[in-house]
K.L.:
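There's a structure below that I have some questions on.
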Amino acid sequence: MLKSKTFVKKTRSGGVLKVVREHYLRDDIWCGSETCAECKQDSTVLQRDACMESSLCPYPHYLVPDTNVVLHQIDVLEDPVIRNVIILQTVLQEVRHRSATVYKRLKDIAHEPGRHFYTFTNEHHRETFIEREPGESANDRNDRAIRVAVKWYSQHLKTPGSDPDGLKVVLLTNDQGNKQKAEENGLLVYKFEEYIKSLIANPELVDRLALSNDDKQEITSSKVLFPEHLPLSKIQAGIKSGSFLQGTFRTSRYNYLEATVFVQGKGEDSTEVLIQGLQNLNRAVHHDVVAVELLPDNQWVAPSAVVLEDDGAAKDDAVDGDEEEKVLEPSATQAARQATGKVVGIIKRSWRPFCGMLNVSEIKESTRHLFTPADRRIPRIRIETRQASTLAGQRIMVAIDGWPKHSRYPNGHFVRSLGVAGEKDTEQEVLLLEHDVPHQDFSQAVLSFLPKMPWVITPEDLAKRQDLRHLTVCSVDPPGCTDIDDALHCRELENGNLEVGVHIADVSHFIRPGNALDKEAANRGTTVYLCGKRIDMVPELLSSNLCSLRSNVERFAFSCIWEMNQKAEILKTRFTKSVINSKASLTYAEAQMRIDDTNKNDDITQSLRGLNKLAKILKRKRIANGALTLSSVEVRFHMDSETHDPIDLQTKELMETNSMVEEFMLLANISVAQKIYDEFPECALLRKHPAPPPSNYDILIKAAKSKDVTIHTDSAKALADSLDGAKVDGFQYFNTLLRILATRCMMQAVYFCSGMDSDFHHYGLASPIYTHFTSPIRRYADIIVHRLLAVAIGADSTYADLMDKHKQSALCNNLNYRHKMSQYAQRASVAFHTQLFFKARGILNEEGFVLFVRKNAIIVLIPKFGLEGTVFFTSKNKVSPNLVFDEEGPTLRVEQHTFHIFDRVKVTISLDDSNIQHQKIRMALIKPVIPGVSVPAPEAEPPAKKQKLDR
Amino acid sequence: MAGLELLTDQGYRLDGRKATELRKVQARMGVFAQADGSAYLEQGNTKALAVVYGPHEMRGSRSRALHDRAVINCQYSMATFSTAERKRRPHGDRKSTEMSLHLKQTFEAAVMTQLFPRSQIDIYVKILQSDGGNYSVCVNAATLAVIDAGIPMRDYVCACTVGFVDETPLADLCHAEEGGGVSSLALALLPRGGQIALVQMDARLHQDHLETLIEAAMTACKGVSKVLDGVVRQHLHEASVHSRE
């Protein structure tokens with residue numbers, strides 16, 4: 001049957017269009033139930049005895065949630081207890097329209113066969129399609145469509161002569177009007193809360209219920225704390241007229257009352273708008289897309305240099321926000337003032353479930369508690385739970401439901417528990433979740449694409465590859481490395497030139513485009529290395545065995561082979577798929593020893609020496625071109641082999657061999673980048689490192705000036721040269737500190753698709769073009785580059801997504817995101833292990849340097865541990881000392897002593913575990929001695945001092 | 001706002017069809033008495049009127065005449081009221097000229113022009129309502145009109161557009177689907193011999209997918225040819241009943 005749908009639509013330019021669409025109604029849409037004898041369906045989804053133990057519905061039943069139930073209660077629907085649910089197309093479409101994330105989650109549930117979720121295409125079913133009546137709103141029409149579908153189902157499933165306790169269909173809705181109308185139609189209908197509370201076997205589900213509107217009213221007082229958000233239509237009009245700006249909201253890490261909104265302008269001109277104070281922040285949460293209105297010029301302020309954390313007891317809603325804000329005194333200097341604004345509306349929330357801990361309410365019987373997220377930038381959330389006593393001390397996940405304007409905190413609900421706080425497994429889980437690192441075990445679908453063991457090299461494989469097994473190839477890696485991506489060789493040719501080969505594991509041979517394994521790897525993007533744990537991008541069979549270029553086994557490789565003269569000038573470059581047999585897997589130290597040991601003269605050592613010699617020349621050339629050598633202190637933990645607790649901490653030291661391997665990897669990457677760009681100018685996956693805007697260097701220049709050193713930042717070369725020249729007598733560490741500061745000024749390097757961008761320059765390496773080719777086991781970008789290169793040399797065929805620059809660009813975005821997150825996760829893991837380490841050590845005295853000066857604190861770096869910590873000079877329960885902050889220096893005068901950047905200080909380090917969620921390293925000043933501020937050097941552990949440290 | 005979901009997980013398209021299903025095709029032949037041949041064809045909401053004059057001797061400049069076959073002259077136009085926004089120029093713009101050329105090429109491949117040397121066949125097609133697949137609807141309508149005019153053809157020419165979404169070819173795209181960022185391909189087929197009269201695609205598509213897409217288009221064209229065949233037979237039946245009376 002054919003229906004024509006006619007509706008009127010407003011176009012963007014303001015005109016009115018009449019749209020006519022066909023709408024076919026069908027007879028062949030089946031109900032999906034096992035009990036049904038009428039429908040000629042091939043497979044059924046809904047079970048015959050759909051039993052969920054409910055006191056309201058003792059009979060078997062199917063559930064039909066309406067749109068709002070799905071949107072708000074998706075956390076409950078995700079629970080495996082909920083089964084046999086009919087999702088109507090009307091609902092699915094509305095959900096898709098309203099929230100992409102919920103839609104994705106709903107689809108994921110529907111795809112799990114064990115859950116028995118059936119999607120019923122009611123809009124195209126002859127008997128359940130309804131037309132909108134005159135005067136009926138779209139929402140009312142959809143509600144009616146849902147009721148009609150439920151009615152149809154209940155009649156359809158009612159077989160003649162079936163007992164009254166037979167299969168029934170239950171509509172779940174939270175809408176009072178809808179419920180009433182459904183009851184009038186004789187349908188079984190319950191409120192979602194009612195139904196969930198009636199589930200006998202699963203009382204814990206009640207906690208996961210999102211609060212619906214009427215519940216929220218009672219929680220909060222009537223006092224309006226925040227200005228109303230503007231409706232979307234007004235925001236859009238405002239953005240169009242330029243009175244509002246749209247941007248991503250980012251809460252400051254250091255100060256919960258301050259945030260910036262990053263407004264993406266056209267091309268380069270992006271701005272940041274500063275937002276200060278609860279009222280102006282107006283319920284925006286980190287990462288939301290918001291609309292801001294700029295304040296008049298005279299109300300602009302400078303970012304506050306105060307470090308401020310939202311802690312202490314739950315503030316009553318009645319307490320005025322002003323009281324908290326008085327700490328934010330306007331900064332004195334005019335120069336530092338920044339465009340300041342206020343949030344007028346939220347365009348898109350980016351709420352996800354947050355990890356954190358419960359602050360159990362002081363009133364024992366209370367079911368409302370505050371939840372403190374692990375991420376400091378997320379506000380605390382008020383939740384309702386009856387299991388507070390069990391949840392206390394556990395890490396839990398909570399989702400935000402809403403933030404009414406008269407509530408100081410957003411309202412949310414409990415999602416799940418992760419385990420006891422402070423335990424290593426729990427903390428690891430938290431940090432993986434918080435950084436959105438996919439870390440589940442690989443699914444069966446993914447594993448099914450692995451090669452069958454025992455894996456052997458077939459003659460067909462050999463025919464397609466160059467046999468390089470005779471070459472003296474060896475790999476050099478950090479100790480304990482099992483995923484060996486790269487191996488090297490070097491030999492002298494008859495004409496006196498050198499042949500150098502970089503052999504990279506041929507992962508793309510095993511991971512074929514488009515299959516589940518490939519998709520999983522693309523999603524994970526990168527392997528994440530945590531202390532004592534590795535979250536693999538590809539299953540272990542590949543990462544540690546078949547792809548890993550271990551010694552004395554035959555492995556597939558993708559080789560990049562150069563012919564060079566003795567001056568390390570490239571004469572010829574060649575790429576080929578190959579078979580290699582590595583002769584040795586060395587560590588950096590072993591390789592170094594071989595090179596240095598003049599008695600050794602075997603092939604491997606000769607090869608290493610050749611490589612080392614060339615690498616030195618290459619490095620010199622690169623630096624002469626203006627490549628930067630930056631510095632950051634990296635630490636390595638020595639783990640106890642049984643408990644996996646850190647027993648020692650050591651900064652990583654770099655050897656000649658480190659830089660040797662690095663040089664050749666850089667060279668290979670550059671050669672490959674050039675090749676794939678020449679071959680695929682539109683869709684080569686490259687990596688760029690944009691030059692930082694000059695203002696980024698302010699802090700570096702100021703800091704250097706305080707030691708009478710001038711830093712030129714006009715170009716990478718100038719910077720590199722002035723960094724090399726920066727030396728202060730009697731202060732050896734100065735240069736390293738400067739380099740650490742310079743590192744902080746840099747931009748992030750990113751992957752991009754060559755067809756979508758025009759600026760390819762890699763600032764840090766001073767290379768006009770760059771990509772990642774050398775670590776396909778742990779980076780997905782390299783796999784794509786391998787595929788591109790394989791096509792370029794005719795070793796493999798192309799496929800659609802590889803040649804599509806938009807898809808490729810989307811992939812790059814994901815890779816950049818995963819890459820960033822994995823770095824954060826890594827840092828967080830190091831921080832956690834540092835804490836464990838200091839927990840075991842008690843209080844230590846160490847010497848350190850001032851790295852930054854803030855208004856009420858200094859940030860100190862301890863080179864010995866690569867540890868950074870903050871020394872606060874103000875605290876809530878103490879009279880603060882006389883502080884004078886000078887932004888020009890920047891310097892901070894505390895009583896009589898003035899702190900500059902790079903000052904040498906002595907601090908005590910201890911673990912502050914007063915807040916179990918945010919255990920942190922606490923530092924306190926010992927030297928210079930400032931009365932009332934510094935603490936005496938600890939001999940034993942006097943308890944009095946510890947008290948002083950606590951805030 | 002998210003774009004339109006062109007194919008749901010259940011396998012239904014925007015308007016409720018499955019991937020391989022065509023829109024409803026309805027047609028009538030011999031709608032005008034004055035013309036030598038005419039037909040009206042609806043494919044869903046796309047409606048076209050085709051009129052054929054000829055073969056007759058060359059009009060205008062005789063120098064265009066071909067000594068061994070007939071010249072086919074096609075003109076495509078769209079009614080001003082055929083689209084949601086009123087069209088300013090019903091014919092003569094770039095798009096219509098291109099479409100005219102495509103039609104001409106299609107019919108040169110199908111009509112047995114060698115039977116009519118030094119003469120001319122005029123095919124005029126007008127889109128009355130446009131809802132996607134204009135080219136294919138024109139071809140299908142024109143085929144019926146040519147048959148109605150009694151001009152010998154090698155076979156029916158049947159055309160269909162197909163699009164490619166989520167690794168699935170969709171047959172007979174409607175306007176909403178065409179606008180939804182699908183790479184679409186139009187194919188005109190002589191179904192009995194399986195010869196392709198014209199393929200046209202201006203989107204990007206990976207070559208791996210081309211074969212499946214063309215196959216789907218051919219299946220769809222064969223479906224169209226069945227319908228057209230039915231229409232012709234019905235028309236003949238009616239005509240013979242008429243003449244007997």
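These numbers come from the heavy atoms of this one structure, side chains and all, not from hydrogens, waters or symmetry mates. Labels below follow one simple rule: chain letters A, B, ... track the order of the sequence lines, proteins then strands, and each chain is numbered from 1.
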K.L.:
Using non-hydrogen atoms and a 4.5 Å limit, figure out which bit of A/T798 sits close to chain B: side chain, backbone, both or neither.
P.N.:
both
K.L.:
Please classify the contact of B/R17 with chain A as side chain, backbone, both or neither, using a heavy-atom distance under 4.5 Å.
P.N.:
both
K.L.:
Of all the heavy-atom pairs spanning A/Y799 and B/D208, show the shortest one and how long it is.
P.N.:
CA-OD2, 4.1 Å
K.L.:
Determine the minimum heavy-atom distance between A/A800 and B/H209, stating which atoms define it.
P.N.:
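Heavy-atom minimum between the residues: CB-NE2, 3.4 Å.
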K.L.:
Counting only heavy atoms not in B/R28 (residues, nucleotides, ligands), do more than 12 fall under 6.0 Å from its CZ?
P.N.:
no
K.L.:
Taking every non-hydrogen pair under 4.5 Å, which of A/Q93, A/M803, A/H124 racks up the most with chain B?
P.N.:
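The residue among A/Q93, A/M803, A/H124 with the greatest pair count is A/H124.
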K.L.:
Below 4.5 Å from any heavy atom of chain B, which atoms of A/K348 appear? Answer side chain, backbone, both or neither.
P.N.:
neither
K.L.:
Given that the side chain runs from C-beta out, which part of A/L802 has a heavy atom under 4.5 Å from chain B: side chain, backbone, both or neither?
P.N.:
neither
K.L.:
With a 4.5 angstrom heavy-atom cut-off, could you sort out which part of A/T119 is near chain B: side chain, backbone, both or neither?
P.N.:
both
K.L.:
Could you check whether A/Y118 and B/Q10, counting side-chain N and O atoms only, form a donor-acceptor pair closer than 3.5 Å?
P.N.:
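Looking only at side-chain atoms, A/Y118 and B/Q10 do not form any donor-acceptor pair under 3.5 Å.
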K.L.:
What part of A/Y103 is in contact with chain B, defined as an atom under 4.5 angstrom from a non-hydrogen atom: side chain, backbone, both or neither?
P.N.:
side chain
K.L.:
Would a distance-only check, ignoring hydrogens and angles, find a side-chain to backbone donor-acceptor pair under 3.5 Å from A/Y24 to B/K18?
P.N.:
no
K.L.:
Does the distance from a Lys or Arg side-chain N to an Asp or Glu carboxylate O, for B/E21 and A/R26, drop under 4.0 Å?
P.N.:
yes
K.L.:
Got a sec: does the CD of A/E112 have more than 12 other heavy atoms crowding it under 6.0 Å?
P.N.:
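For A/E112, atom CD is crowded (more than 12 foreign heavy atoms under 6.0 Å).
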K.L.:
Does atom NE2 (B/H175) have a neighbourhood of more than 12 heavy atoms from anything else shown, all under 6.0 Å?
P.N.:
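Check fails, neighbour count at 12 or below.
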K.L.:
Side chain, backbone, both or neither: which part of A/H125 has a non-hydrogen atom closer than 4.5 Å to chain B?
P.N.:
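It is neither, since no heavy atom gets under 4.5 Å.
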K.L.:
Would one find more than 12 heavy atoms of other residues, nucleotides or ligands at under 6.0 Å from atom NE2 of B/H237?
P.N.:
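Atom NE2 in B/H237 is not crowded, with 12 or fewer foreign heavy atoms closer than 6.0 Å.
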K.L.:
Do the charged groups of B/R13 and A/E123 touch, with an N to O distance under 4.0 Å?
P.N.:
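Answer for the salt bridge query: no.
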K.L.:
Do NZ/NE/NH1/NH2 and the carboxylate oxygens of A/R21 and B/D15 come within less than 4.0 Å?
P.N.:
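Between B/D15 and A/R21 there is no salt bridge, as every charged N stays at least 4.0 Å from the carboxylate O atoms.
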K.L.:
Does the pair B/D131 and A/E22 meet the rule for a side chain to side chain contact (heavy atoms under 4.5 Å, CB included), with working shown?
P.N.:
CA-CA 9 Å; B/D131 186 27; A/E22 286 179 288; 4.2 Å; yes
K.L.:
Would you indicate whether the side-chain heavy atoms of A/D804 and B/R204 approach each other to under 4.5 Å?
P.N.:
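No, too far: nothing below the 4.5 Å cut-off.
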